[in-house]
Undergrad: 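Below are the structure tokens for one structure; questions will follow.
All residue numbers refer to positions in the sequence shown, counting from 1.
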Amino acid sequence: MQTSVDIIKKSFNIVKDSPFITLYFVIYLIVLFLIIPVMLTSKSVILTVTIGVLLLLLACAFAAGWFGMIRSAILLYKENKTPEQKLDEAIKLKDSFFASVANYILPIITGFLIFIGLVYLQTVLLNVVFGTDDVFYNISKYANDPEGLRAYFSSLPETTWIVILKKNLCSYMIFSFITLAMLFYSASLYLNNRCSLNPIKAIVGGIKTMISKPVETFIAFVFLAVINFVLMFLYALFIQNIIISFITMILRIYFIAYIVVLIFALYENKAYEENKPAIDCNNRPDSIG
């Protein structure tokens with residue numbers, strides 16, 4: 001059984017020794033940076049909606065392949081690999097990416113829709129409990145009028161601010177719980193030893209992992225939130241410094257890759273503790289079902 005220190009070290013070594021994981025992520029981000037400006041500057045509603053839908057499908061397709069690469073990297077992990085072993089692993093990771101896109105695109109889309117549905121349900125629930133308001137809609141009217149915005153804020157009664165505070169606090173708590181519940185979704189989908197592609201079973205498996213590993217889950221969640229906030233703050237603080245901004249951006253890319261690998265490694269360790277080791281379903285003839 002691996003300790004938390006072993007899992008942290010293993011996750012770091014996987015990201016370090018598997019450059020294709022971060023390389024594919026960088027390529028995906030570059031594609032986004034090329035497409036998003038076209039969508040934002042387009043004056044055609046139909047074109048904007050079409051590009052938006054295609055971006056969502058692209059995101060799900062990339063996630064399906066990328067998680068497959070991470071699953072393979074974890075299952076193939078060995079310390080002190082030779083250059084030949086690293087090259088062989090790189091080829092397997094590349095093959096795993098495309099195989100996983102075909103096998104997992106639908107469960108990934110389903111998981112994404114479930115997550116969006118839960119977030120929307122949270123919004124509806126909070127509107128029922130606290131009532132609806134048009135504060136944020138009115139704020140948008142003063143986007144180019146700082147004086148008008150200050151006057152509008154000053155006109156809001158104290159009771160409105162209390163409701164906004166309570167509503168946002170509850171929204172943050174519920175959203176955090178939803179994120180925690182979905183934290184191990186992808187790992188459960190890719191590393192279950194039954195090669196199941198059932199998204200509901202993956203959610204249940206992820207929640208079981210969260211419950212059985214409360215300390216590790218909480219630490220991973222806090223680590224994700226804190227480090228991401230720090231890197232975003234540094235990027236915003238030094239946005240005019242090209243060198244520091246570039247370094248911060250690179251660190252965020254590696255951090256995202258690392259935290260996903262860490263989540264997968266935590267789930268794999270739990271599977272070994274339960275004598276249910278994960279297998280590479282891409283290599284099985286029944287991987288579709």
Side-chain angles (χ1 to χ4, degrees), residues 1-15 18 21 63-64 66-79 96 100 103-104 107-108 110-119 121-122 170 172-228 255-282 284 287 289:
M1 183 180 65
Q2 296 174 315
T3 65
S4 298
V5 175
D6 293 331
I7 296 173
I8 292 173
K9 179 182 176 182
K10 174 182 177 179
S11 301
F12 177 80
N13 289 335
I14 288 174
V15 175
S18 306
I21 291 177
W66 198 50
F67 293 152
M69 290 180 69
I70 292 174
R71 183 264 318 278
S72 295
I74 287 176
L75 296 180
L76 294 170
Y77 174 74
K78 292 180 181 179
E79 293 185 358
S96 179
S100 296
N103 288 346
Y104 291 91
I108 289 294
T110 303
F112 173 76
L113 293 177
I114 291 174
F115 179 79
I116 296 299
L118 290 173
V119 173
L121 183 62
Q122 164 212 251
C170 289
Y172 179 78
M173 292 174 63
I174 296 174
F175 182 79
S176 297
F177 178 78
I178 293 173
T179 304
L180 277 172
M182 298 292 289
L183 192 64
F184 289 100
Y185 170 76
S186 298
S188 176
L189 180 66
Y190 282 76
L191 289 173
N192 69 81
N193 65 343
R194 303 178 306 277
C195 291
S196 171
L197 300 182
N198 189 318
I200 303 302
K201 290 182 178 180
I203 292 175
V204 173
I207 293 175
K208 287 181 179 179
T209 302
M210 178 189 71
I211 295 174
S212 64
K213 293 280 187 180
V215 177
E216 291 87 345
T217 301
F218 179 75
I219 291 175
F221 180 76
V222 172
F223 182 64
L224 169 64
V226 171
I227 300 300
N228 189 53
F255 171 71
I256 292 172
Y258 173 77
I259 202 69
V260 175
V261 171
L262 178 62
I263 290 170
F264 272 63
L266 285 170
Y267 183 90
E268 185 215 19
N269 185 57
K270 170 183 171 291
Y272 271 104
E273 289 177 355
E274 297 177 351
N275 295 318
K276 298 178 181 178
I279 57 177
D280 192 348
C281 297
N282 283 344
R284 287 169 57 104
S287 60

Undergrad: Identify the heavy atoms of F67 and I108 that sit nearest to each other, and give their distance.
TA: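 Minimum heavy-atom separation between F67 and I108: CD1-CD1, 3.9 Å.
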Undergrad: Under the side chain to side chain contact (heavy atoms under 4.5 Å, CB included) test against S11, which residue among I8, N13, I7, I14 passes?
TA: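 The side chain to side chain contact (heavy atoms under 4.5 Å, CB included) with S11 is passed solely by I7 among I8, N13, I7, I14.
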Undergrad: Are there over 12 heavy-atom neighbours, none belonging to F255, within less than 6.0 Å of that residue's CZ?
TA: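 More than 12 heavy atoms, drawn from other residues, nucleotides or ligands, come within 6.0 Å of this atom.
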Undergrad: Both conditions, 6.0 Å and 45 degrees, for the charged tip of K270 above the ring of Y267: are they met here?
TA: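 The answer is yes; both the distance and angle limits are met.
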Undergrad: Minimum heavy-atom separation for S96 and G68, please, with both atom names.
TA: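 Nearest pair, atom of S96 first, then G68: OG-O, 3.0 Å.
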Undergrad: Roughly how far, to the nearest 0.5 Å, is OH of Y172 from OG1 of T179?
TA: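 Output value for this atom pair is 9.0 Å.
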Undergrad: Are any non-hydrogen side-chain atoms of V261 and K10 less than 4.5 angstrom apart?
TA: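 A side-chain contact is absent here, since even the closest heavy-atom pair is not under 4.5 Å.
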Undergrad: Does the side chain of R71 reach to within under 4.5 Å of the side chain of Y104, using non-hydrogen atoms?
TA: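 With C-beta onward as the side chain, the pair touches.
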Undergrad: Of L191, V15, I21, which meets side chain to side chain contact (heavy atoms under 4.5 Å, CB included) against I70?
TA: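 For I70, the side chain to side chain contact (heavy atoms under 4.5 Å, CB included) test succeeds with only one of L191, V15, I21, which is I21.
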Undergrad: Within the side chain of N192, is there an N or O that forms a donor-acceptor pair under 3.5 Å with the backbone of S188?
TA: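 Present.
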Undergrad: Counting C-beta onward and ignoring hydrogens, is there a side-chain heavy-atom pair between P107 and Y185 closer than 4.5 Å?
TA: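 The answer is yes; the side chains approach within 4.5 Å.
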Undergrad: If every non-hydrogen atom of F115 is compared with every non-hydrogen atom of M182, which pair is closest and at what distance?
TA: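 Scanning both residues, the minimum pair turns out to be CD1-CG, 3.9 Å.
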Undergrad: Determine the interplanar angle of the Y190 and F264 rings, folded into 0 to 90°, and report it as parallel if under 30°, tilted if 30 to 60°, perpendicular if over 60°.
TA: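 It falls in the tilted class, 30° to 60°.
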Undergrad: Give, for atom CG of L121 and atom CD1 of I174, the distance between the pair rounded to the nearest 0.5 Å.
TA: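 The CD1 atom of I174 is 9.0 Å from CG of L121, to the nearest 0.5 Å.
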Undergrad: As an exercise, state the distance from OG of S212 to CD1 of I207, rounded to the nearest 0.5 Å.
TA: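 So the OG of S212 and the CD1 of I207 are separated by 12.0 Å.
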Undergrad: So, taking the atom named CG in L266 and the one named CG in L183, what distance separates them when rounded to the nearest 0.5 Å?
TA: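 Taking CG in L266 and CG in L183, the distance rounds to 8.5 Å.
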Undergrad: Nearest heavy-atom pair of S100 and A64: which atoms, and what distance?
TA: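 In this case the closest contact between S100 and A64 is CB-O, 3.2 Å.
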